[in-house]
Protein chains: 2
Amino acid sequence: MTEAKEAAPAMPRLTGALEPRASWPATGCSLARAIDVVSTRSAFLLLREAFYGTSRFDDFATRAGISEPVAAARLRELVEAGLLTRAEYREPGQRARLAYRLTEKGADLFPALAALMEWGDRWLAEDGGPIGLRHRDCGEPVAVELRCAAGHRTSPGELDLVHRRR
Amino acid sequence: MTEAKEAAPAMPRLTGALEPRASWPATGCSLARAIDVVSTRSAFLLLREAFYGTSRFDDFATRAGISEPVAAARLRELVEAGLLTRAEYREPGQRARLAYRLTEKGADLFPALAALMEWGDRWLAEDGGPIGLRHRDCGEPVAVELRCAAGHRTSPGELDLVHRRR
DNA sequence: CCGTATCCACAACGATACTG
DNA sequence: CAGTATCGTTGTGGATACGG
């Protein structure tokens, strides 16, 4: 575990191409919108489980460590938001089962969760964290990176924020 | 804006090297720990402002669009958690001012916020979102990627989850 | 197995007013 | 400018019990 530094030695900061701007209406910010969809701890935990391959209601509640009512409410919201689908799932000779699966929209959230997990591994875990990601083809560990379209790896300090016009 | 698909066409899923495992104690999961630090909407919004370069209390409250009491509470927690520092900041001939600055720990959260923003741009914005990231050196747009140590770009479906042993 | 119903506790937040 | 104090509302979530 790395201790929090009281005084930052290096301080990456974004130098903006943004005007001295007054305020960010929350409605226009994609980060705010994203947070409105997955605002709660339980939503994050359920999505984590979905990525781990969990598909049944009971498993979601048990493995995420949340109560059934909360699991039910959150799963419904995630389905309504289009991150999960409820599919009925009948094997021959078996009764029907329900399976919650990630949609493309939900699956696309993976880099964000991976980035959060990586940060937790680095700053909050004593031992680097319990779970690692590996590239199946080559066995190498996988990390989240910021890259520009030209392929350069970038740090926050090398970035400009720009307003998009259309 | 891309509409949520009811039935997922392609479904990236992590195939685990994890045993059929019973449950994830929330205490050991780095994602859960990370969420416990930045659980709330206001914390995310304040961090966004910090990355945008905001440093003064009033600006944080106004630009994040949250009330002063909430801003005060959240800023205090973020300082306690080691993501921000309160530095006193005196220019010659001026009275002292306070400045909240990101620590290294806080700055390291940037990829996670960028990933969330990118997801919001893709799935929740009509027009690709209001803010873009550019590499200052080459002007190319910047995106979050999952890469293995060998340099391969990977998708969630190509990943294995592994338990770390030490 | 897959939830819902009910109740309660507490956290998060906005609004307003006030202080150094 | 940089907060604190207080109040009321809503959201989040655990516990328990119950139904398809």
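Please read these numbers as outputs of a predicted model, since none were measured by experiment. So you know, we letter chains A, B, ... as the sequences are listed, proteins then strands, and number each from 1.
Spacing between atom CD1 of A:I35 and atom C1' of D:dG11 amounts to 16 Å, rounded to whole angstrom units. In this structure, CD of A:E77 is placed 14 Å from C1' of D:dT10, rounded to the nearest angstrom. One interatomic measurement links the two molecules: CG of B:L78 to P of D:dG3, which rounds to 13 Å at whole-angstrom precision. One atom, CG of B:L98, and another, P of D:dT4, lie 11 Å apart when rounded to the nearest Å. Here the C1' atom of nucleotide D:dG3 and the CD atom of B:E88 are 14 Å apart, to the nearest Å. In this structure, B:D59 atom CG and D:dA2 atom P are separated by 8 Å, rounded to whole Å. With rounding to whole Å, A:L84 atom CG is found 16 Å from C:dC2 atom C1'. Distance CG (A:D36) to C1' (D:dG11): 13 Å, rounded to an integer number of Å.
A donor-acceptor pair under 3.5 Å is absent between the side-chain atoms of A:W123 and the main chain of B:G106, judged by distance alone. A donor-acceptor pair under 3.5 Å links the side-chain atoms of A:R164 to the main chain of B:I131, judged by distance alone.
In this structure, the nucleotide among D:dA2, D:dT4, C:dG3 sitting nearest to the side chain of B:A72 is D:dT4.
The shortest distance between side-chain heavy atoms of B:L146 and B:R153 does not fall below 4.5 Å.
Comment: A:E158 does not engage A:R147 in a salt bridge, judged by the lack of any side-chain N to carboxylate O separation of less than 4.0 angstrom. A salt bridge is defined here as a Lys NZ or Arg NE, NH1 or NH2 lying under 4.0 Å from an Asp or Glu carboxylate O, and B:D160 with A:R136 meets this definition.
For the P atoms, the distance linking C:dC2 with D:dA17 amounts to 22 Å, nearest Å.
Projected onto DNA chain D by closest heavy-atom contact, B:R76 and B:D58 fall at different nucleotides, the more 5' of which corresponds to B:D58.
Looking only at atom types and distance, the side chain of B:R41 has no donor-acceptor partner in the side chain of A:S39 under 3.5 Å away. No side-chain donor-acceptor contact under 3.5 Å links B:D59 and B:T54.
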Got a list of protein N/O to nucleotides 13-20 of chain C N/O distances below 3.5 Å?
residue	atom	partner	partner atom	Å
C:dC13	OP1	B:S42	N	3.2
C:dC13	OP1	B:S42	OG	3.3
C:dC13	OP2	B:S42	OG	2.6
C:dC13	OP2	B:R74	NE	3.2
C:dC13	OP2	B:R74	NH2	2.8
C:dG14	OP2	B:S67	N	3.2
C:dG14	OP2	B:S67	OG	3.4

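In this structure, A:F44 and B:F44 have parallel ring planes: the angle between them is below the 30° cut-off, well short of the 60° mark.
The aromatic ring centres of A:F110 and A:F51 sit less than 6.0 Å apart.
At a threshold of 4.0 angstrom between heavy atoms, the contacts of B:Y100 are confined to the sugar-phosphate backbone, with no base atom among them.
Within the structure, every side-chain polar atom (N or O) of B:R97 is placed at least 4.0 Å from both OP1 and OP2 of D:dG3.
With a 3.5 Å limit on both pairing distances and Watson-Crick or G-U wobble geometry required, the stems of 3 or more pairs in DNA chain D span C:3-20 with D:1-18.
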